[in-house]
Amino acid sequence: QSKARGRNTVTLFSPEIGAQFERRTAVAQALHRALEESSFELHLQPKFDVREGIRLIGAEALLRLTDAELGPISPAEFIPVAEVDGLVSAIDLEVMRLAGTMMADWAARGIRLPLAVNINATTLDEPGHADLAERLLRVGLDPEQVTVELTETGLAAPGLRQRRNLERLRDVGYKIAIDDFGTGQSALGVLQSLPVAEIKIDRSFVRGLEGPEPGRARALMRAILAMAGALGLRAIAEGVETEAQFSILKEEGCPAMQGFLLGRPLGLRSFEARYLAEEPRPRAVALAGI
Ligand code: C2E
Ligand code: MG
Ligand code: MG
Ligand code: MG
């Protein structure tokens, strides 16, 4: 180490940091390419009402990128890169465009299924997107059918433009969901001041139900559900992976769920074949093993 430092008094570089930097640069380039070539794709994950049986109530659009050189890159990796590089709004617009095209195609085929799209809170704050509701309408996203999911991060201290955008979305009829609810700095502040219709209870709370302190986790889940009920918010638990989690959530009266146990994100054609085949309307889905 000290030898490697040699005559430099300060070491600014380590191999790991170098590799991380290279990866970020490569991911940023992949994002630019994907935007230029419109090669992003949307996958869909089903959402279910579980109060009586298990009923499909909608889908969440999740962005997928497969780069010619880097292969598949997860949004968990590329969204943070896009945030830093100022690409996230361009990506959000691309997602809206793709979702609008998909919904127009569904409408033409007589398919009606509520759709949730993820939008970054920074996109609500771009001077160029002062009226995001207008954009959503223009790409053909029907307010009756569309929920906008936003994470609390970035909404902790909503600025005027963000607030106006959210209110306008609400007024036009879009539903607003708080994603990863409970993980931000101001979970409750967001509910106090913004027009929210749904909370998506973060996967960490679901995982806790089988963690080292299941009693506490269960009490916490119960409290979150009671709060949602009292405020008239729709609640959905995300990241439900096991039957044990499913049963506990059901016992606690959790009305809706999403997760690998009930359905993984699928490419559009696979999703359609599995959930929308034959009947034009979403039907109750019978799931093996539950
Ligand atoms: P999110 O909106 O909370 O989406 C849920 C993520 O959890 C997805 O990962 C999904 O595949 C994963 N997931 C679903 N069920 C389970 C489960 O049972 N277990 C586990 N371990 N994971 C589950 P994905 O697709 O990698 O997305 C990660 C995050 O990237 C999303 O979290 C969202 O914040 C962001 N993202 C995805 N698509 C978009 C997009 O189109 N625009 C923006 N701005 N962000 C997006
Ligand atoms: Mg989401
Ligand atoms: Mg989520
Ligand atoms: Mg999440």
Side-chain angles (χ1 to χ4, degrees), residues 27 31 34-35 38-48 50 58-66 72-102 114-126 129 132 136 139 141 146-155 175-184 196-210 234 236-246 249 254 256-268 270-271 287 290:
V27 168
L31 292 175
L35 283 168
S38 297
S39 55
F40 282 108
E41 268 185 76
L42 294 181
H43 280 203
L44 295 172
Q45 185 177 31
K47 293 169 129 178
F48 297 95
V50 297
E60 176 175 5
L62 293 162
L63 195 55
R64 294 292 177 262
L65 169 59
T66 305
I73 314 171
S74 156
E77 178 178 14
F78 70 70
I79 294 290
V81 174
E83 283 174 346
V84 172
D85 280 36
L87 292 172
V88 81
S89 293
I91 291 174
D92 282 351
L93 293 182
E94 178 69 1
V95 169
M96 292 173 210
R97 197 184 61 78
L98 291 169
T101 305
M102 185 181 79
L115 184 77
V117 292
N118 292 281
I119 290 183
N120 199 283
T122 57
T123 298
L124 299 174
D125 207 16
E126 295 278 324
H129 308 323
L132 209 67
L136 290 173
V139 296
L141 289 171
V146 172
T147 298
V148 173
E149 294 191 9
L150 295 147
T151 54
E152 291 163 330
T153 333
L155 287 178
K175 277 188 216 55
I176 293 157
I178 299 300
D179 209 343
D180 303 343
F181 180 80
T183 57
V196 172
E198 176 180 298
I199 57 171
K200 301 195 74 180
I201 303 169
D202 189 63
R203 175 164 109 217
S204 56
F205 296 102
V206 173
R207 211 184 297 126
L209 299 172
E210 292 184 288
R234 289 202 331 202
I236 179 163
E238 60 176 26
V240 180
E241 292 183 348
T242 69
E243 300 204 11
Q245 291 165 354
F246 180 92
L249 285 164
C254 179
M257 300 186 206
Q258 186 178 353
F260 291 170
L261 176 70
L262 298 166
R264 289 180 176 261
L266 295 173
L268 179 55
S270 308
F271 183 90
L287 290 146
I290 297 166

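In each ligand, atom 1 is the first atom listed, and ligand 1 is the first ligand listed. Here, residue 1 is the first one in the sequence, and each next residue gets the next number.
Contacts with ligand 1 closer than 4.0 Å are made by side-chain heavy atoms of Val95 only, the backbone lying farther away. In Ile79, the part holding a heavy atom less than 4.0 Å from any atom of ligand 1 is the side chain. Residue-level proximity to ligand 1 for Asp180 is carried by the side chain, the only part with a heavy atom below 4.0 angstrom.
When each of Glu60, Arg203, Glu238 is paired with Gln258, the side chain to side chain donor-acceptor pair (under 3.5 Å) condition holds for Glu60 and for no other.
Among Arg203, Gln45, His43, Lys200, the residue whose heavy atom lies closest to atom 14 (C) of ligand 1 is Gln45. Around atom 8 (C) of ligand 1, the closest heavy atom drawn from Leu62, Asp92, Leu42 belongs to Leu62.
Between Thr151 and ligand 1, a contact under 3.5 Å exists for no N or O pair. Note: no N/O pair closer than 3.5 Å links Val88 and ligand 1 by distance alone. Distances between N or O atoms of Phe260 and those of ligand 1 include at least one value under 3.5 Å. Residue contacts with ligand 1: Glu60 is placed with a nitrogen or oxygen under 3.5 Å of a nitrogen or oxygen of the ligand (distance criterion only).
Of all the atoms in ligand 1, the ones that sit under 4.0 Å from a non-hydrogen atom of Pro265 are 11 (O). Every atom of ligand 1 is numbered from 1 in the order shown, and the set under 4.0 Å from a heavy atom of Glu238 is 3 (O). Remark: ligand 1 atoms within the under-4.0 Å shell around heavy atoms of Ser74 are 26 (O). The atoms of ligand 1 that sit less than 4.0 Å from any heavy atom of Asp179 are 1 (P), 2 (O), 3 (O). Remark: ligand 1 atoms within the under-4.0 Å shell around heavy atoms of Val240 are 18 (O).
Asp179 has its closest N, O or S atom to the Mg ion (ligand 2) at the position named OD2. When the Mg ion (ligand 2) is compared with the N/O/S atoms of Glu149, atom OE1 turns out nearest.
A salt bridge does not link Lys200 to Glu152: none of the charged nitrogens lies less than 4.0 Å from a carboxylate oxygen. Between Lys47 and Glu198 a salt bridge is recorded (basic side-chain N to carboxylate O distance below 4.0 Å).
Using a 4.5 Å cut-off on side-chain heavy atoms (C-beta onward), Glu41 and Leu63 make no contact.
In summary, no N, O or S atom of Thr151 is located under 2.8 Å from the Mg ion (ligand 2). For residue Glu60, an N/O/S atom approaches the Mg ion (ligand 2) to within less than 2.8 Å.
Glu126 pairs by the salt bridge (Lys or Arg N to Asp or Glu O under 4.0 Å) definition with nothing, not counting sequence neighbours. For the salt bridge (Lys or Arg N to Asp or Glu O under 4.0 Å) test, no residue two or more places apart in sequence or in another chain qualifies with Asp85.
Side-chain atoms of Asp180 do not come within 3.5 Å of backbone N or O of Asp202 as any donor-acceptor pair. Checking side-chain atoms of Thr101 against main-chain N and O of Arg97 turns up a donor-acceptor pair under 3.5 Å.
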